Amino acid sequence: MKVLLKSDYPVTDEACKDATGKTISEWFAVIDGLGGKSIGRKGVIDQLYGNLKIDMWWITTINYLYEADRGIVEKDGHGKGFNICVTKTIAAPISSVYAAWVDSIQLSKWFGDDTVADVADGGRYTNKDGDTGVFKRVRVDKDLRFTWENPAHQPSVVDVVFSDKGKGKTGLLVNLDRVQGREEADGLRKAWGEALDRLKAHVEG
């Protein structure tokens, strides 16, 4: 899958102050005052979004920068990074939508050129775009979990959830975790949105 790494949102003190009323370092001080590391990412989001009504894009950006500045990392030495969630409703039954995720020929039409996938726990996939990964969990017509690796990007984990929306429609939720950078997160959100548009057109067509 091709990802365009160009953010429409500049991450500067000036841009942050224009959007939120404070610079990035001033928000760091606010987070420290709230408890910082001790309240965790969810606690910070609850405070900044729930109580202060700060735009969610800036909350996640400030949180990411704060964790990097304070050296907050996971067991693997990387930060929690950004979380991306993309949804799509497709006018087709779950079995048809699921098949488009596990059949190499269909994957090649919307996910990446020449995709070869062994969709089973521990199975791998590759494609011409340089994507590769391992399936961590496969539950037919329910959900998939796999790693997404590409030489141009930090590895991330992808969760795909299929839900019955009734009347022959399927709800699709794709969630990416551990994306290490704001620009990459923006690029991935756009790329996955476009991929799901292709998937919808393929399945419904």
Side-chain angles (χ1 to χ4, degrees), residues 1-11 15 19 41 45 49 54-64 80-94 96-115 117 119 125-133 135-137 141-165 167-205:
M1 185 170 56
K2 296 177 176 63
V3 180
L4 179 63
L5 293 183
K6 183 179 184 300
S7 178
D8 294 326
Y9 305 94
V11 183
R41 176 175 284 193
I45 290 173
Y49 184 71
I54 304 303
D55 177 79
M56 184 57 76
W57 187 92
W58 275 106
I59 290 174
T60 54
T61 299
I62 292 165
N63 221 342
Y64 169 78
K80 288 184 178 180
F82 291 93
N83 179 269
I84 298 169
C85 183
V86 183
T87 62
K88 184 68 65 178
T89 297
I90 300 175
I94 286 179
S96 297
V97 179
Y98 180 83
W101 281 86
V102 301
D103 178 77
S104 294
I105 294 175
Q106 293 193 63
L107 281 165
S108 297
K109 293 181 178 179
W110 68 268
F111 179 67
D113 292 339
D114 298 330
T115 297
V119 186
Y125 70 92
T126 61
N127 64 35
K128 196 174 181 179
D129 293 337
D131 301 327
T132 185
F135 288 95
K136 299 294 187 180
R137 184 179 67 221
D141 292 347
K142 293 182 178 179
D143 57 59
L144 301 168
R145 169 173 285 184
F146 55 91
T147 60
W148 180 74
E149 304 165 40
N150 186 292
H153 309 285
Q154 290 282 348
S156 57
V157 177
V158 181
D159 284 289
V160 183
V161 179
F162 305 83
S163 60
D164 187 351
K165 305 291 284 187
K167 298 182 179 179
K169 295 182 179 181
T170 298
L172 192 62
L173 182 149
V174 177
N175 190 81
L176 278 76
D177 204 5
R178 307 296 305 281
V179 180
Q180 301 294 313
R182 176 76 263 176
E183 186 180 16
E184 185 163 15
D186 288 340
L188 284 168
R189 183 179 290 107
K190 184 174 186 296
W192 274 100
E194 292 171 347
L196 295 193
D197 286 341
R198 293 192 298 271
L199 170 63
K200 178 180 173 72
H202 166 69
V203 175
E204 292 183 353

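This is a predicted model, so every value here is computed, not measured.
- Among residue pairs with one or both ends in residues 144-154, those qualifying as salt bridge (charged side-chain N to carboxylate O under 4.0 Å, His left out) are R145-D159; sequence neighbours excluded.
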- Task: List the steps and the verdict of side chain to side chain contact (heavy atoms under 4.5 Å, CB included) for V11 and Y64.
- Result: CA-CA 11 Å; V11 183; Y64 169 78; over 6 Å; no
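- Residues satisfying the side chain to side chain contact (heavy atoms under 4.5 Å, CB included) criterion with D103, sequence neighbours excluded, are I105, Q106.
- Note that OG1 of T61 is 12.0 Å distant from CD of E183, once rounded to the nearest 0.5 Å.
- Counting heavy atoms from C-beta on, the side chains of I84 and W192 never come closer than 4.5 Å.
- In terms of the side chain to side chain contact (heavy atoms under 4.5 Å, CB included) criterion, residue partners of K88 (sequence neighbours excluded) are, by chain and number, I90, L196, D197, K200.
- Distance check, rounded to the nearest 0.5 Å: CG of D113 to OG of S108 gives 7.5 Å.
- The shortest heavy-atom contact between K128 and D114 is CD-OD2, 3.4 Å.
- In this structure, Y125 and F146 have perpendicular ring planes: the angle between them is above 60°, well past the 30° mark.
- L173 places a side-chain heavy atom less than 4.5 Å from the side chain of C85.
- Between T89 and E204, the shortest heavy-atom distance links the atoms O-OE2, 4.3 Å.
- Between L144 and Y98 the shortest side-chain heavy-atom distance falls below 4.5 Å.
- Across all non-hydrogen atoms, the minimal contact from I94 to S163 is CD1-C, 3.7 Å.
- A donor-acceptor contact shorter than 3.5 Å links the side chain of T170 to the backbone of A92.
- The closest donor-acceptor contact from the side chain of N150 to the backbone of D129 lies under 3.5 Å.
- Residues K190 and E194 meet the side-chain proximity criterion, which asks for heavy atoms closer than 4.5 Å.
- For the residue pair A117 and S104, the shortest heavy atom distance occurs at N-OG, 2.9 Å.
- Taking 4.5 Å as the limit, some side-chain heavy atom of F162 sits within range of a side-chain heavy atom of L172.
- Scanning all heavy atoms of the two residues, the minimum distance from H202 to A100 falls at CD2-CB, 4.3 Å.
- Here the OG1-CG distance, from T60 to N83, works out to 9.5 Å after rounding to the nearest 0.5 Å.
- The shortest distance between side-chain heavy atoms of L188 and F82 does not fall below 4.5 Å.
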